[in-house]
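Report on the following structure.
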Amino acid sequence: MLAAGICMILLVVLFGALGPIFVDTDKAQPLATTPRQEPSWEHPFGTDDAGRDLLAVMIVGVPLTMRIGLLAGTVGMSLGVFLGFTSGYMGGKIDTAIRGTVDTLLTVPGLVVLVSIASTIREEISVNIMALVVASLAWMWPTRTIRSQVLTMRERAYVQMAKLNGMNNREIIWKELFPNLLPYLAANFTNAVNWAILSSVGLEALGLGPQNDPTLGMTIYWAITFSALIRGMWWWWAIPIFFIALIFVGLLLIAAGLDELANPKQRKAV
Amino acid sequence: MSWNYTVKRVALFLIVVWAAASVNFFVPRLGTGRDPIREKLGQLAASGGLRQDGIEAMVKAYQVKFGLDKPLYVQYLNFLGDTFTLDLGYSLANYPARVGQMIGNAIPWTIGLMLVSVLIGFALGTLMGALSAWPSAPRFVRNMAVPLMTLSAIPPYLLGLIVLYILGLKLELFPLSGGYSPGRLAIASVDFYLDVLHHSVLPALAIVMQQVGFWALGMRGMMVTTSGEDYITLAEANGLRNRTIFFRFGLRNAMLPQLTALGLSLANVVAGQVIVEVIFAYPGIGTVLFQAIQASDYTVINGVVLILIMSIGLVTMLMDFFYPLLDPRISHTRQN
């Protein structure tokens with residue numbers, strides 16, 4: 001499962017990395033080709049209303065969407081690791097405060113809050129700002145899950161042993177807890193990236209994305225705005241959906257595979 | 001349920017609403033230093049070709065009218081007061097329309113669509129997930145895990161585009177958009193309700209498909225652990241029928257965490273459906289939000305955001321109150 005997931009993501013990454021060698025990415029700009037062409041040998045994915053070649057758009061857009069996911073996932077995960085370890089390991093008042101905040105924020109519909117932030121700054125949204133906007137809410141699930149994992153780890157015999165051996169807190173966290181949680185953290189990171197891409201595509205589908213960058217979500221937004229569906233231009237929306245599905249299923253498989261590594265008891269589960 | 005817990009939980013809900021309202025108030029004022037009144041008047045003056053002499057006086061007059069001449073904390077308190085009395089002000093884009101009224105018209109559509117499709121998705125998904133992990137279920141059911149997982153990974157609005165294309169455009173089985181046929185009078189008659197039902201099939205299908213995948217995945221994990229429990233072995237040894245074991249012992253026990261998850265995931269479920277409405281031009285709150293974003297209608301955007309946060313907060317709170325009734329092991333009083 002892990003292998004299948006990694007293969008899918010690798011495929012997507014290679015598509016973005018090697019694409020520019022074979023295809024002229026200038027064709028992702030408006031007016032570069034004849035508009036409204038069905039898929040053909042010349043334009044394997046067809047062209048849109050503005051005359052963009054969709055193969056070139058995908059080659060530019062897929063890495064942009066992946067970048068938003070990775071950036072936001074990294075920021076969210078770093079915050080989550082910091083807060084989760086602090087909360088789970090220190091306990092006490094800090095724990096109560098962090099846990100309370102996270103539990104409260106998790107009941108708030110994230111995408112809706114992001115809509116409110118993004119619509120305030122919509123003119124200034126670039127790919128990197130998009131990643132930051134999404135990252136602002138990407139730390140809550142990691143914090144929550146890492147905290148509960150650290151909480152059970154803290155009571156294990158080897159941590160008690162390390163304490164008796166005179167290790168200080170920082171050493172215990174880095175030398176004992178962190179390595180043991182690594183597969184778990186990797187699964188969490190995959191989920192954070194998944195969530196970030198999901199949110200960014202959602203925001204973009206509502207038109208709150210980088211207006212001049214052809215990310216996957218923006219491509220879908222333009223397809224919706226120009227009624228590609230009713231006009232029968234299926235390639236305009238079906239192709240970005242295919243890539244989005246590939247990314248999501250790939251990430252889900254990786255997360256499930258890593259989960260198996262982290263808890264062998266669940267090995268039969270998925 | 002203890003009195004203490006109830007008070008705490010209600011307080012938490014009020015804090016969420018207050019925080020959401022404060023974000024709504026401060027975020028637009030932090031940013032760009034833009035002045036909507038000046039901008040609007042500037043636009044009007046430019047389009048009318050009028051001289052711009054009186055514009056400063058007009059800006060002043062409007063600021064007094066909207067209370068913007070008062071110090072920030074007074075504006076903030078007024079805003080909070082309005083929020084808690086659900087007075088959301090006027091729409092900027094459709095001026096005489098009030099935000100509360102626009103949302104009020106849209107909400108029954110959203111709730112109707114969401115409630116039915118989430119419940120169907122939850123029920124079907126839970127059952128299929130449980131069967132897919134049950135050792136004596138037919139092989140084809142156990143092989144459902146992979147397609148279900150794929151469905152759960154794709155956002156419902158993208159599934160919506162696909163079903164719309166196949167069932168709506170190609171096979172012409174269902175209407176392509178809207179909540180009811182244009183030109184039809186929105187009066188309570190059997191005809192009208194059938195029309196509404198016909199229009200809601202595709203958006204509901206999109207939501208149900210994704211929900212089935214999502215709940216099946218969670219249920220499968222739970223069922224794998226449950227099917228290995230001693231009480232299942234005992235039931236088998238006692239010679240109970242397979243179906244009885246599945247429903248009475250397996251499903252019932254594996255389902256409790258699903259119900260808890262239903263409350264927690266509600267926030268995400270609603271957010272995904274907002275975009276489904278946009279795809280289908282369904283007259284619910286998602287479409288109101290989308291149109292407001294397109295028209296930069298900030299009062300409507302903020303109103304929708306606030307109402308969504310409030311209603312989800314309210315539902316999660318109610319669910320927290322009901323869990324102890326479903327599962328006696330959950331208790332809101334500390335026992336250790």
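We name chains A, B, ... by the order of the sequence lines, and we start the count at 1 in each one.
Using a 4.5 Å cut-off between heavy atoms, L159(B) makes no contact with chain A at all. Interface residue S152(B): only side-chain heavy atoms are found under 4.5 Å from chain A. For a residue to count as touching a neighbouring chain, one of its non-hydrogen atoms must lie under 4.5 Å from one of that chain's; by this rule I244(A) touches chain B with the side chain only. For L176(B), the part sitting under 4.5 Å from any heavy atom of chain A is the side chain, from C-beta outward, and nothing else. Both the backbone and the side chain of L161(B) come within contact range of chain A, with heavy atoms under 4.5 Å apart. With a 4.5 Å cut-off on non-hydrogen atoms, Y221(A) touches chain B through its side chain but not through its backbone.
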### Task
Please step through side-chain contact (heavy atoms from CB on, under 4.5 Å) for the pair I309(B) and V113(A), ending with a clear verdict.
CA-CA 9 Å; I309(B) 290 176; V113(A) 177; 4.1 Å; yes

### Task
Please assess V249(A) against M149(B) for the test side-chain contact (heavy atoms from CB on, under 4.5 Å), listing each intermediate value before the final yes or no.
CA-CA 8 Å; V249(A) 174; M149(B) 198 153 114; 5.8 Å; no

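The choice from V16(B), I162(B), V278(B) that makes the most heavy-atom pairs within less than 4.5 Å of chain A is I162(B). Per-residue counts of heavy-atom pairs under 4.5 Å with chain A were compared for I15(B), L289(B), I293(B), T150(B); the largest is that of I293(B). Heavy-atom pairs under 4.5 Å with chain B were tallied for I117(A), I224(A), T225(A), L208(A); the largest tally goes to L208(A). Interface summary for chain A: among G168(B), S132(B), A292(B), A153(B), the most heavy-atom pairs under 4.5 angstrom belong to A153(B). Between chain B and the residues I230(A), V115(A), L251(A), L206(A), the largest count of heavy-atom pairs under 4.5 Å involves L206(A).
Contact check for I220(A) versus L158(B): side-chain heavy atoms found under the 4.5 Å cut-off. Side-chain contact between L198(A) and P155(B): present, with at least one pair of heavy atoms (C-beta onward) separated by less than 4.5 Å.
For the atom pair OG1 (T316(B)) and CG (D103(A)), the distance works out to 11.5 Å, reported to the nearest 0.5 Å. Interatomic distance, E204(A) CD to I275(B) CD1, rounded to the nearest 0.5 Å: 10.5 Å. Note: I301(B) CD1 to S119(A) OG = 4.0 Å, rounded to the nearest 0.5 Å.
Heavy-atom minimum distance, I154(B) versus A245(A): CD1-CB, 3.8 Å. What you find for F290(B) and A205(A) is that their closest heavy atoms are CE1-O, 4.1 Å.
The local environment of CG in N212(A) is sparse, with at most 12 non-hydrogen atoms from other residues, nucleotides or ligands closer than 6.0 Å.
Between the Y157(B) side chain and the G202(A) main chain, a donor and an acceptor come within less than 3.5 Å of each other.
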